[in-house]
Amino acid sequence: MSDAPIEITAHPTINAIDAAEWDACACPEAADGRPDDPFTTHRFLKALEDSRSVGPGTGWQPRYLTAKQDDVMIAVAPLYAKGHSQGEYIFDHNWAHAYENAGGRYYPKLQIAVPFTPATGRRFLTKPGFEAAGMSALIQGAVQIAADNELSSVHATFCTEAEALAGAEMGLLARIGQQFHWVNDGYADFDAFLGSLSSRKRKNMRKERKTANEFGGEIVSLTGNQIKPEHWDAFWVFYQDTGNRKWGTPYLTRAFFDYAQETLRDDMLMVLALRDGRPVAGALNFIGRDTLYGRYWGCIEHHDCLHFEVCYYRAIDYAIQHGLGKVEAGAQGEHKLARGYLPVATHSLHWFGDAGFKDAVARYLEAEREAIDHEIEVLTSYGPFRKSNMEDHQ
């Protein structure tokens, strides 16, 4: 390991950073296959920026960090200056209110994150062999930018557990949240997965799948070149409908889906419900090395159980067929529990310039952690899986 100093630079556009250099840090494993997840790849972040889903007027102003040593890129991070707390899925609105009620200015803040994407992955993207030095340099760089510009805070959201532990050792506050993930226990097919469930839950899933598949059309799963430009016209309508109902304004622009067709379709699984050849509902997933990431759903017609089939059961089918170990179903939704998705902890890291406020948040996080740990334990006990062989005979 070199003793040369590490140079940190903040870039206002991903286009100022060479794609191969970025990806050598973000997804070195992709040299022999898929990246662990596509969300921190140069192509994904570029699609967000070039489509103007992030940038001026969005509240997500890019400040991508790079770390170089001996003129070699050793680490990068997707950093944004945030003018609000939308599109993050780890909520700090109450912190913002408390800070501003005390006379401070919470926004802008710095966010190390993938915009609009509640999916766990590395946030401190280092070349192999530079994990400790690279992460330390990136954190120091982000904190220095915040301090120099008198910004309230730095946040790294949906980081890995290993990053959360390392960041806590560096003095950052670690926070946990909770999502629902499906885990592949080596199932040969969907029926094998059903066999692991209690009798009542197994019957309910079969009934839901039968109801959904009798909606009056067909359900297709598309990826890569099977996804055509016209599919995005339909999906844009679905996305707008869900966005308007859930968070007021859709985060992604229509142009993002055009960029997705050009550069991301091999990373995507689109599930469409077609009636008379016309898409009436759909879900969009992203494909990682060992995980399928459920991201967006929408519809223009309501049919019983179709949401469960298109979003959850078809994702499980795909994961089993392609040997993937997990399906992450996105943020929130206790209804996922009955469909085989169990609660797991998610992680984030937080830095505050004001020592008194940091202490107050630390106390809050300690109580919150106890509550979430308890919630995960309780929800897991209500999962659909068989507790014993006797259960099927009750």
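Reckoned from all heavy atoms, side chains included, excluding hydrogens, waters and symmetry mates. Worth saying up front: this structure is predicted, and the values here are computed from it rather than measured.
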Cationic tip of R43 above Y259 ring, under 6.0 Å, 45° of axis: no
CA sep, side-chain torsions, deciding dist, call: R202, D191, salt bridge (charged side-chain N to carboxylate O under 4.0 Å, His left out): CA-CA 9 Å; R202 183 164 60 245; D191 281 341; over 6 Å; no
D241 (side chain) donor-acceptor with V237 (main chain) under 3.5 angstrom: no
Salt-bridge contact D258-R254 (side-chain N to carboxylate O under 4.0 Å): yes
Connected via hydrophobic side-chain network under 4.5 Å: F124 and L173: no
Euclidean distance, H347 NE2 relative to T160 OG1, rounded to 0.5 Å: 8.0 Å
Donor + acceptor pair across side chains of E328, Y341 (<3.5 Å): no
Aromatic contact, F39 with Y293 (centres under 6.0 Å): yes
Pairs involving residues 107-117, ordered by first then second residue, that meet salt bridge (Lys or Arg N to Asp or Glu O under 4.0 Å) (sequence neighbours left out): E88-K109, D92-K109
Distance, nearest 0.5 Å, that separates OH of Y296 from OH of Y239: 5.0 Å
Parallel, tilted or perpendicular: rings of H303 and F215 (30°, 60°): perpendicular
Under 3.5 Å: donor-acceptor pair, side chain of K82, backbone of G59: no
H350 ring center within less than 6.0 Å of W95 ring center: yes
Heavy-atom donor-acceptor pair, R123 side chain to T157 backbone, under 3.5 Å: yes
I'd like a table of donor-acceptor pairs (distance under 3.5 Å, sequence neighbours excluded) in which one partner is a side-chain atom from residues 180-188, with atom names and distances.
unit_1, atom_1, unit_2, atom_2, d
H181, NE2, Q179, OE1, 2.8
N184, OD1, G186, N, 3.0
N184, OD1, Y187, N, 3.0
N184, ND2, L324, O, 2.9
Y187, OH, S196, OG, 3.4

